[in-house]
Colleague: 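Sharing a structure here in structure tokens format.
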Number of protein chains: 2
Amino acid sequence: MKRQKRTTIYDIAQKLSLAASSVSRALSDSNKINAETKALVLKTAAEMNYQQNAMASNLRKGNNPTIGVVVPRINQYFFSNVIAGLEEVTFKQGYNLVICQSNELHAREVEGVNALVNQNVSCIVISIAAEKGSFDHLQQVLDRNIQLIQFDRVVEELETFKVLNNNKQGAYEAVVHLIEQGYRRIALLEGPQELHIFRERKEGYIAALQEYGFPILSELMYANAWTKELGAQATTQLLDLPNPPDAIFASTSDFAALGVLEVANNKGIPTPEALGICGYSNEPFTEITSPSITTIDQFSVEMGRKIGNLHFREMENFSPEGKTKTLNVRPKLIVRNSTLRKLQ
Amino acid sequence: MKRQKRTTIYDIAQKLSLAASSVSRALSDSNKINAETKALVLKTAAEMNYQQNAMASNLRKGNNPTIGVVVPRINQYFFSNVIAGLEEVTFKQGYNLVICQSNELHAREVEGVNALVNQNVSCIVISIAAEKGSFDHLQQVLDRNIQLIQFDRVVEELETFKVLNNNKQGAYEAVVHLIEQGYRRIALLEGPQELHIFRERKEGYIAALQEYGFPILSELMYANAWTKELGAQATTQLLDLPNPPDAIFASTSDFAALGVLEVANNKGIPTPEALGICGYSNEPFTEITSPSITTIDQFSVEMGRKIGNLHFREMENFSPEGKTKTLNVRPKLIVRNSTLRKLQ
DNA sequence: ATATTTTAGGCAATCGATTGCATTTATCAA
DNA sequence: TTGATAAATGCAATCGATTGCCTAAAATAT
């Protein structure tokens, strides 16, 4: 295994009888170098197959042009799309993206964040795990003057940049739509209330009902139904009520909505006629179920781009006062057949 | 913006009146250090909020415990799952994962690979872009003695580790299944033949037909149908043939199969009775279409884990002769309603 | 009590690129 | 022709951690 050493600027310098500093200047396109020399260095570097050692450069410059990302799961539609959008922006800027997944576990989240701090990344982008714990690890990021951008699931009390969906708004619009379609007993599938996104969605649900003068009935609010199976289970119980709902808003996810739909289909309850169903996230599959599922689009790729742009814009004119800036992405209701009783 | 300097080993050394080397030894758990001293250093480091500077360490040690990944699209089901599986393994080993997407463009792939080489990562994991070009960039990786693991879509002529699905096998099994279900004119939707995975699937299709004595009919093989739209278009044309197929194997993707299904549904052609449909990849949605779609599972998360394990195993007992090792992941046919005419 | 081995810790070079400052060379003005 | 200025290049320190080599002290053997 012949380990051919990498070419360094010293190798180039020696070959050209120059100082390493000149080579460095030529490569970094400094203006303190003669045009001819620069051309010569560039040519020689290419010939010698030179590739800069990023670690040396970063060490000396004291910064690492890298953005670290920590998400619960990489292979979840929403997150993988955010990452895709973010990567688009970071790549254009010549930045790298380092990715960790927390698997919804707090301990892994902490480990991931620390690893990124060690790398001295210039920014950490995070959506916190469902399993909440202390947020010392995030405070540390701030103390070290590493930019912190939280998105979607955030620690509210921490003063950082935040990029959020307006969850209350999304839920509100969904429920208003259900009411306008003539549904009168609208049930809610809730997510874990430790996460503010689920609290906000619940608020939106309540706000809409109140605005239209509907009662808020606790028997129609079902806690912790955020998978397909739990959604199905919740549906079975809700439909067994003496006075069952005529619509179910699965505010947790489209997967929960899918569980609802399956139960309805199995029981022969026609959707949308006898039961309206609305999900959250606009997963690709919602378009192709029968009937297709009404849901809320979160513009995930766009959200990723927004995060990236936020970082690079702040880098330039970093404003100490702006540390807490919050960007809101307005979600959009996607009306499909599972709630469409009336012609629009 | 007060920029409080990071604590370094020198700070700790000074505080304890020790040499930096001793601090380093204590932190790296060397055996050349007294147990008490070690404990003291560890305690002080924690108090002073010390975090190692990974760049300095990596520079000195000449390696970067990082695996770089280049895939066409991060947010594609198959790839995001492979990455998730890979991350699982790399994280356990304390390795980082750096991710780039090529967007199917050769130029971006080259840029991404070069960025990773600059970072001096210890391994590059790649699935090449559909837009093929020279593979000098990959040759360079090898020349620099960085491990290269190709997966799924590979440059065959390059001697590297490869982790593959047995595409021929998968396609073969699918077509045999169709034949056993009584389908007699089985059409094939092909992907770009520059990519070997699509060539192999075609081979599997042909092999199955031949084995059962069926003719290979070029009019039933439709090139480049690898999106939903192209799949639908292909189906329309195939069904307009004087002697149309009674089954369509969308070897390119489940999305193409979905396009087939939609056309069939629109035309009122019953599936699976009059038209059998089989996709490829086992996308989540194939389970919930009506009818559900028969497809081939690629064990993507498992594939990611295999890639990671391959790297770490080879690191230990690196065997020069083993440079070309190929791991095959055997795909599995998932039979669903879109091809099920007979009771099993 | 002396010689030998272990153990703990210090010194200083090193990884490769960058950069402030010093120096040389070229250019121009007087 | 000489002095002043600008341009190009060299020198050497630096970023922070690691590690080979060396020395002093402690532990063990003779």
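Within every chain, numbering begins at 1; the chains are lettered A, B, ... in the order of the sequence lines, protein sequences first and strands thereafter.
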Colleague: In whole angstroms, how far is the P atom of C/dA13 from the CZ atom of B/R60?
Modeller: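 Roughly 13 Å, once rounded to whole Å.
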Colleague: Rounded to the nearest angstrom, tell me the gap between atom CG in A/L16 and atom P in D/dA8.
Modeller: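 Rounded to whole Å, this separation is 17 Å.
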Colleague: Give a yes or no on whether a donor-acceptor pair under 3.5 Å exists between the nucleobase atoms of C/dG20, that is its base, and the side chain of A/R25.
Modeller: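 Looking at the base of C/dG20, it does pair with a donor or acceptor on the side chain of A/R25 (distance under 3.5 Å).
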Colleague: So, does B/S22 get its side chain near the phosphate of C/dG10, meaning an N or O under 4.0 Å from OP1 or OP2?
Modeller: yes
Colleague: Step through the shown structure and confirm whether more than 12 heavy atoms of other residues, nucleotides or ligands are within 6.0 Å of NZ on B/K38.
Modeller: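 Result for NZ/B/K38: enclosed.
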Colleague: Which ones in residues 34-58 of chain B lie close to DNA chain C, meaning a heavy atom under 4.0 Å from one of its atoms?
Modeller: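 Those residues whose heavy atoms fall under 4.0 Å from DNA chain C, taken from residues 34-58 of chain B in numerical order, are B/N34, B/T37.
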Colleague: For the CD atom on A/E302, are there more than 12 heavy atoms of other groups (residues, nucleotides or ligands in this structure) within a distance under 6.0 Å?
Modeller: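 Atom CD in A/E302 is crowded, with more than 12 foreign heavy atoms closer than 6.0 Å.
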Colleague: Between atom NZ in A/K32 and atom P in C/dT19, what is the gap in whole Å?
Modeller: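 About 11 Å, once rounded to whole Å.
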Colleague: Is B/S17 touching bases, backbone alone, or none of the nucleic acid, heavy atoms closer than 4.0 Å?
Modeller: sugar-phosphate
Colleague: Measure from CD on B/Q119 to C1' on C/dG16 and round the result to the nearest Å.
Modeller: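 About 15 Å, once rounded to whole Å.
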Colleague: Is the shortest distance from a Lys or Arg side-chain nitrogen in B/D11 or B/R6 to a carboxylate oxygen in the other one below 4.0 Å?
Modeller: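 Looking at B/R6 together with B/D11, the answer is no, because their closest N to O distance does not fall below 4.0 Å.
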Colleague: Salt bridge check: are B/E111 and B/R108 linked by an N-O gap of less than 4.0 Å?
Modeller: no
Colleague: Quick one: label A/T8 by what it contacts on the DNA or RNA (base, sugar-phosphate, nothing), any heavy atom closer than 4.0 Å.
Modeller: sugar-phosphate
Colleague: For a quick test of reading the model: is some side-chain N or O of A/S24 closer than 4.0 Å to OP1 or OP2 of C/dT18?
Modeller: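 It does, given that an N or O in the side chain of A/S24 lies less than 4.0 Å from OP1 or OP2 of C/dT18.
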Colleague: Which whole-number value in Å describes the distance from A/I9 CD1 to D/dA12 C1'?
Modeller: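 It works out to 13 Å between those atoms.
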Colleague: How long is the line joining CD of B/Q14 and P of C/dG9, in whole Å?
Modeller: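 About 18 Å, once rounded to whole Å.
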Colleague: When the distance from CG of A/L59 to C1' of C/dC15 is rounded to whole Å, what number comes out?
Modeller: 9 Å
Colleague: Would you call B/R153 and B/E104 a salt bridge, taking side-chain N to carboxylate O under 4.0 Å as the test?
Modeller: yes
Colleague: Describe the nucleic acid contact of B/L18 in one word from base, sugar-phosphate, nothing, applying a heavy-atom distance below 4.0 Å.
Modeller: sugar-phosphate
Colleague: Rounded off to whole Å, could you give me the NZ-to-P distance for the A/K61 and C/dG16 pair?
Modeller: 17 Å
Colleague: How about CD on B/E36, more than 12 heavy atoms from neighbouring residues, nucleotides or ligands closer than 6.0 Å, or not?
Modeller: no
Colleague: Side-chain atoms of residues 94-101 of chain B: list all donor-acceptor pairs with protein atoms under 3.5 Å, sequence neighbours left out, distances to 0.1 Å.
Modeller:
residue : atom : partner : partner atom : Å
B/N96   : OD1  : A/Q119  : NE2          : 2.8
B/Q101  : OE1  : B/I74   : N            : 3.0
B/Q101  : NE2  : A/A84   : O            : 3.1
B/Q101  : NE2  : A/E87   : OE1          : 3.3

